[in-house]
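A, B, ... follow the sequence lines: proteins, then strands. Residue 1 opens every chain. The structure displayed is predicted, hence computed values, not measured ones.
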Amino acid sequence: MSTQAEITTLDRVRDLIVKYGFIVVTVALFIFFAVTEPAFATSASVLSMLKYASVTAILGLGVTFSMVVGGLDLSIGSTAGLSVQLAAMTMVFYNLTGTTAVSVVLIGGVIVGVMNAVLIVVFKIPDLLATLGMMFVIQGVKLIPVFGQSVSSGMVLPDGSTAPGKFDDWFLQIDRGTLFGIPYPVIIMMVLVVASWFVLSRTSWGRKLYAIGANPEAARLAGVKVKLHHGLAYVVSAVFASIGGIILVSRIGQGDVSAGSSSLLEAVAVALVGTSVLGIGKPNAWGTLLGALLISIVLTGMTMMGTQYYHQDTAKGLVLIVALLLSYTVSRHKNRYVPAT
Amino acid sequence: MSTQAEITTLDRVRDLIVKYGFIVVTVALFIFFAVTEPAFATSASVLSMLKYASVTAILGLGVTFSMVVGGLDLSIGSTAGLSVQLAAMTMVFYNLTGTTAVSVVLIGGVIVGVMNAVLIVVFKIPDLLATLGMMFVIQGVKLIPVFGQSVSSGMVLPDGSTAPGKFDDWFLQIDRGTLFGIPYPVIIMMVLVVASWFVLSRTSWGRKLYAIGANPEAARLAGVKVKLHHGLAYVVSAVFASIGGIILVSRIGQGDVSAGSSSLLEAVAVALVGTSVLGIGKPNAWGTLLGALLISIVLTGMTMMGTQYYHQDTAKGLVLIVALLLSYTVSRHKNRYVPAT
Amino acid sequence: MTTTTDENWALELDSITIAFGANQVLKGVDLKLRPGSVTALLGANGAGKSTLIKVLSGVYSAQGGTVRVDGDEVEIESPSDASKHGIQTVHQRIDDSIVPGLTVAENLVFEEIARGEFPAVSSLRRLMPRARTIASTLDLDWDDSILKQDVFHLGIADCQLLLLARALVHRPKVLVLDEPTSTLSASEAERLFALVEQLRDAGVAILYVSHRLSEIRQLADTVVVLRDGKVVDEQAAPFDLGVAIGAMLGREALEEESALQVQRGEGTALSISGARILDDSALVDMDFRYGEVTAIIGLIGAGKTELAQAVFGANRLEAGTFTLDGKPFAPRHPSTAVDAGVFLVPEDRAHEAMFPGWSITRTLTVPFLSRFARLGVMAGGAERAASATAIEDFGVVATGPNQPVDALSGGNQQKVVVARWMAAGPRVLILDEPFRGVDIGARTELSLKARSQAADGACVVVMLSDVDELRQVADRVIVLVEGEVRLDAYADEIDDDQIITSMSEVA
Amino acid sequence: TQSTSTPEESSAPEETSSVGETTAAAPAPFDGEVSVAIVQQSGQGDYFQQYLNGTRQQAEALGMTLDVYDAQGDNATQATQLEQAIASGVDAIIVRHGLPDTLCTGVNDALEAGIAVIIYDVVIQECAPDAVQTQQSDALMASLVLDQMLADVGEGVDVGYVNVAGIAPLDRRDVVWNEYTAANGWNELFKTGSFTNSTATDTAPMVTSAVTSNPSVVAIYAPYDEFTKGTLSGLEQVAGTEDVLVYGADISTADIELMIADDSQWMATGATDPNAIGAAVVRTLALHMAGELDGMTVDFPPVLITRDMLLENGITNMEDLRSSIPELNISDVSSADWIPSVTF
Ligand SMILES: Nc1ncnc2c1ncn2[C@@H]1O[C@H](COP(=O)(O)OP(=O)(O)OP(=O)(O)O)[C@@H](O)[C@H]1O
Ligand SMILES: Nc1ncnc2c1ncn2[C@@H]1O[C@H](COP(=O)(O)OP(=O)(O)OP(=O)(O)O)[C@@H](O)[C@H]1O
Ligand SMILES: [Mg+2]
Ligand SMILES: [Mg+2]
């Protein structure tokens, strides 16, 4: 057994590289930009970086939950977009308070989540397919009550009347307000990251979710209510999307028809990258956060260097790939491990 | 064996429903539109529907190959976009012939495919991650040589000179020309569908690909060069994307920065739907074609009925979900036969 | 280049070594196979048998040592190299060789497809003749409808037969069988033995891995014992298996099975009435009592798994009601059964009990998370302690509670999945084929555990298809044939012949 | 094909509009059934929704039936949909936005098929001279705003620019911008912006970073209201940029809300009323079909709208704006005594 002990020490060394290779990339990039761009490392710009990471990170956390149970929630972006419309409608069309708007949005999220869950666990449609379908549906449905228009106060309704309401100041503060100088979105993001991390890796529920992702049949035969929890994971995912949507709409200050649509791939990207950081090799909250930060750093840094937007896509992709090379290629032996019994 | 014989007869009944449930949806929709919209069933509009489906179908076939080996090529849309730029550059910037442009595009496709393959089989990066990274990279890279602009004949280059070349008439005919009244894109689509179907289900190579997707370990034990063929599938996928791109650019008649980007999700959708039609339960060429036709029918039909664009998204999603319900919920038991990795 | 050996061996392995990371699994294995003879490879779980075989078949390439075929040194870098040199292997894990999604026929000819021995273009119809040929080598009575269906419709046993046929059709020089009977019924096994003997007489050198001594007695000309990556004993017939087992386990063979003290329990724990187990079988009633080990024995397809899973709430029977301690018991989901103290150790541990990459600790605690959680928050300490104890009690060979279960050998994996349920103090414990791919040492330990659990008052039910195994563990015997009870008696009231005859009598 | 009057079709808000009186009988072909199709590059966003609304209302007023083909920003789709429109056998086609080379062939096919074609904002004259060419004057729109900017910030200052290349109207505004920067010694410190399917949201962070590293800019020109929105929320993230002035383009109720917000930095915008344009295009088409249109090109003049003006007149939405700037209605453009002009 001494031999096997060595194996694990070896593994530990490998893990170190895998674990920190990615973080090193992030930090290195940060330092690089901080040096080349004096304005980069200022507290103001760091905060705004965090702030722009927040929505991606929060959506990414949603995706993470769906990945933990072995699926992938493709409806996350459009769900965020739906929230934007719901919030705007509630306040502008129906002249209700921001609190109401938030509740409406969260309820909307739960409903979407439940619909995904039903399609997947009751009707047995593969996760990817079901959520892809929902993505299209939501994208369309969300625009029906607003006649495909961006909702803004004072807009004229079909009946010719003018929309009575406007955005709550309180609601606008969700994105703009700060606590001890830290923007609320950043605080919300951190709270959700810590919560997700705790739930996933410290609670029995999280353990069940991972079990379902690892081997649903074995989980079922161990008495885990697979369908229930598989479905709940998608409800969580959708609720996270709604929270992201709330921040988005509070940022835009009006119901933007297209908001959220571009978030999907980025959210999936950070969640996927998240699986490869910290050497955990499975979806996890901190990894997702790190992924979001990395992307935010790259975008901000490059814009400050005055590069064209399309160079940023290139960089985003390259960084992603480099990070993956670091993890997967270094820790390749782990993956190759094929138990023989 | 007797019990098993019964199983299969039962299955056969189920299969009938599964097999035709989807086709019925498609035909039903076609008839519905044909009745409500006189202009819908005219040969002209049927042809343009087929033409409209061609690019989605061809990209969908690419995705199908990547799915057959158990992966999913997310770089397909941006590869098509890359082809659009390459073709435009070759003809407009360098004043070369359409034939050269086609070759350049195809070579470009092979290169992308090989890069995907290397990332996946050599560096062991999970398919989804690798191609996602490539997607971002290509999206950016394709814009660098064209300064982020849509290339059109007579455009002014940064050095102040005017671009010398223009699109070949021959090249433009790829999309606009017809044979016996059938547009080339439709012919190309059909050729590729038949070819893909033949390769996948009638050749040893196809069986190897399916084996790699279903049980790589078994394939390896039997002596299949898993890495090689897994990689080749991605080369095929990228080449299909390039062909789709050629049709796109010939249709657009100039470089278009945004071309292809909207194709990804639709291509994935039709390929995924394809797995659920004809009761085959695994990625297959005819299914993909049918998926593309269905979506084309829905979009055209609704457009003629003069509905808002967002109703079309809704419909697209609903049809997708209905089709899936038909297949997966009716043929629920088939899922048991999906390999438990 | 040829070497000067006194005798011409079909296959010579010379000090083969291989390590995974720093885990030296094979430490210099020497092995010679005579043409026309059967060499049995014995070894405890984790001894390295499967690994050695994977070296032979080109799955892993040896890091040290040489391989000679017919005296010529050969490089075996890939599975196709192996078959090029006439070495055919049937691996232990069926799921590593079957390709779901392809038809039975395509699976039969798959190796030939893989090696490009088929024309690049070949419709299913063009594959059929070859497929029929291969099936016929084992005279499998598979008609075209079966050959054309998805291989996933096949039972686990049929899959095993398929793979055997696939290997045998090549008339190999060297045939390697890694625990081929662990999923076969007695009759199917007999058919296999006949075939093995026939091949031996045809001059094939056969390497045969099994944990079933009866088979080895029946088949083997030579016995080689592998222990911790080295050959520790080699015998020619007639064997002293006691010595062999001693060498294999590194201690004296355990007490004779007949030393088992039959205990009669009292108080019905679980009773089954009017149950239809298989599609069209007659209704059956059964009672299971506390304080005794009941073995349900039957061939594959007898419906043992169906019954077990129904009691555990994992699937439903067409008809039948259960009562637990006299109260009606109708589990809709395994969770209900678990709460009621009714546990099942499933048949296929890889697919039904293990989580890829999960540590021993996590694997052990899944069903009982609430016991290790306060307000839903896991108490890591309690968890680790519990698993340390379990590893201790069940003698699991592992680096510690954090080692991934799938890095253990078969026997130790089985110990873990059994320990998971036994440690939790079951009222009714059902074990479905608990001894599959488990060496005698582990088997004995597991049997003793089961018996002591019964002695402590639990109701233990074991699903088996092997009489030796039954003798080792059971107080009471129920013979199940096609979902119907053929015999129900205490172990000391009947002899093996009665059991075997009733097992194979069909209505 | 359903006519525009059916409810599910007019689900876009019908800005309160009034239909003018006609003093003469309609000439051929308007004495009978006339069917029109609009083939638009994108229908997403307020501007295009209002444009389409104007088109619908005017078409309805003229008793035309209208099919809407919407490529959702996909140029290849637009090409195919143009074919479909031709195939559906309408009398006239309105082509709105898109790439010249993409549409040229289709437009000519339509003309050959005897279909009247009117183009909005696609530079296509040389390849399809028989199509009526309309556009809002982007050059004028840009210079109106930039004159205002010059008046506000003066010459020789540091400025920022939010725009992307490759989109026809934006390129036309770009030309003017370059003239002004050259002429007035404006020092362009950054050019940024991202044209995606959520332009405003994606542009904001880029502006934030650009401004953070170029704190000395006093004014930013963002000649497309999605850019302007992005610029505003981008600036919000950077302390000390409260007095950077923003100059935009286009107008909608949503935009007005942003311009009149307390201490809004959006000073001026050059705009046409999309509703009015949408309507004017239909009127131009009608004249053309009746053979009464002289010339083959019509330009729709934009107006300058400043924040001060909005505040002074207490303007909160498009309605107020139109009532206080009637020119926006351009109802006299392409009008005739037999055409019931729609005003908004
Ligand atoms: N791919 C691998 N990587 C690391 N260790 C491995 C690998 N395959 C096997 N091992 C280790 O090598 C040892 C021997 O495994 P092997 O499967 O050969 O045992 P075995 O004799 O076949 O046992 P069983 O009778 O249970 O099948 C075990 O400790 C196992 O953990
Ligand atoms: N993996 C499988 N796929 C399909 N059919 C199976 C599978 N396993 C078993 N069967 C079939 O289900 C029926 C009952 O199998 P079951 O496993 O209950 O038999 P058993 O009595 O438990 O024997 P054993 O446990 O040795 O397989 C048999 O016809 C068997 O062939
Ligand atoms: Mg083994
Ligand atoms: Mg069984």
Side-chain angles (χ1 to χ4, degrees), chain A residues 72 74-75 78 115 119 122-126 128-130 132-144 146-148 215-218 257 264-266 268-269 272-273 275-276 308-325 327-329 331-332 335-336 338, chain B residues 72 74-75 78 115 119 122-126 128-130 132-144 146-148 217 220 257 264-266 268-269 272-273 275-276 308-325 327-329 331-333 335 338 340-341:
Chain A
L72 186 61
L74 292 181
S75 68
S78 47
M115 288 173 72
L119 289 176
V122 181
F123 293 127
K124 305 276 196 308
I125 300 179
L128 213 62
L129 275 152
L132 186 73
M134 281 296 286
M135 181 197 82
F136 285 119
V137 173
I138 298 168
Q139 236 163 40
V141 168
K142 76 177 188 191
L143 296 181
I144 295 174
V146 299
F147 335 107
N215 183 347
E217 180 61 5
V257 287
L264 169 64
L265 286 175
E266 205 151 277
V268 172
L272 285 171
V273 169
T275 65
S276 73
Q308 294 279 3
Y309 68 98
Y310 50 85
H311 287 117
Q312 303 187 352
D313 273 343
T314 320
K316 210 190 289 181
L318 285 178
V319 170
L320 206 158
I321 289 179
V322 168
L324 298 175
L325 283 176
S327 323
Y328 283 88
T329 317
S331 70
R332 138 157 125 281
N335 298 10
R336 204 206 269 140
V338 185
Chain B
L72 186 62
L74 292 181
S75 68
S78 46
M115 288 174 73
L119 289 176
V122 180
F123 293 126
K124 304 278 196 300
I125 301 179
L128 213 63
L129 275 152
L132 185 74
M134 282 297 286
M135 181 195 85
F136 284 119
V137 173
I138 298 167
Q139 237 164 36
V141 168
K142 76 177 190 191
L143 297 181
I144 295 173
V146 298
F147 331 106
E217 180 64 8
R220 200 166 62 93
V257 287
L264 168 63
L265 285 175
E266 220 163 77
V268 172
L272 284 171
V273 170
T275 65
S276 72
Q308 296 274 351
Y309 68 92
Y310 46 83
H311 289 118
Q312 301 184 2
D313 274 341
T314 319
K316 209 190 289 180
L318 284 179
V319 170
L320 207 158
I321 289 179
V322 169
L324 298 174
L325 284 177
S327 320
Y328 282 87
T329 318
S331 72
R332 200 201 274 98
H333 303 284
N335 295 12
V338 174
T341 36

Below 4.5 Å from any heavy atom of chain A, which atoms of [X] appear? Answer side chain, backbone, both or neither.
X: B/M134; value: both
X: B/L119; value: side chain
X: B/L72; value: side chain

Please name the pair of heavy atoms, one in B/F136 and one in A/A269, separated by the smallest distance, quoted to 0.1 Å.
->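 Closest approach of B/F136 to A/A269: CE1-CB, 4.1 Å.
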Taking every heavy-atom pair that is under 4.5 Å apart, which of A/I138, A/L264, A/V141, A/I144 has the most such pairs with chain B?
->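 Looking at each option in turn, the highest pair count goes to A/I144.
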May I ask you to name which of A/L132, A/N215, A/L74 has the most heavy-atom pairs under 4.5 Å with chain B?
->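 It is A/L132.
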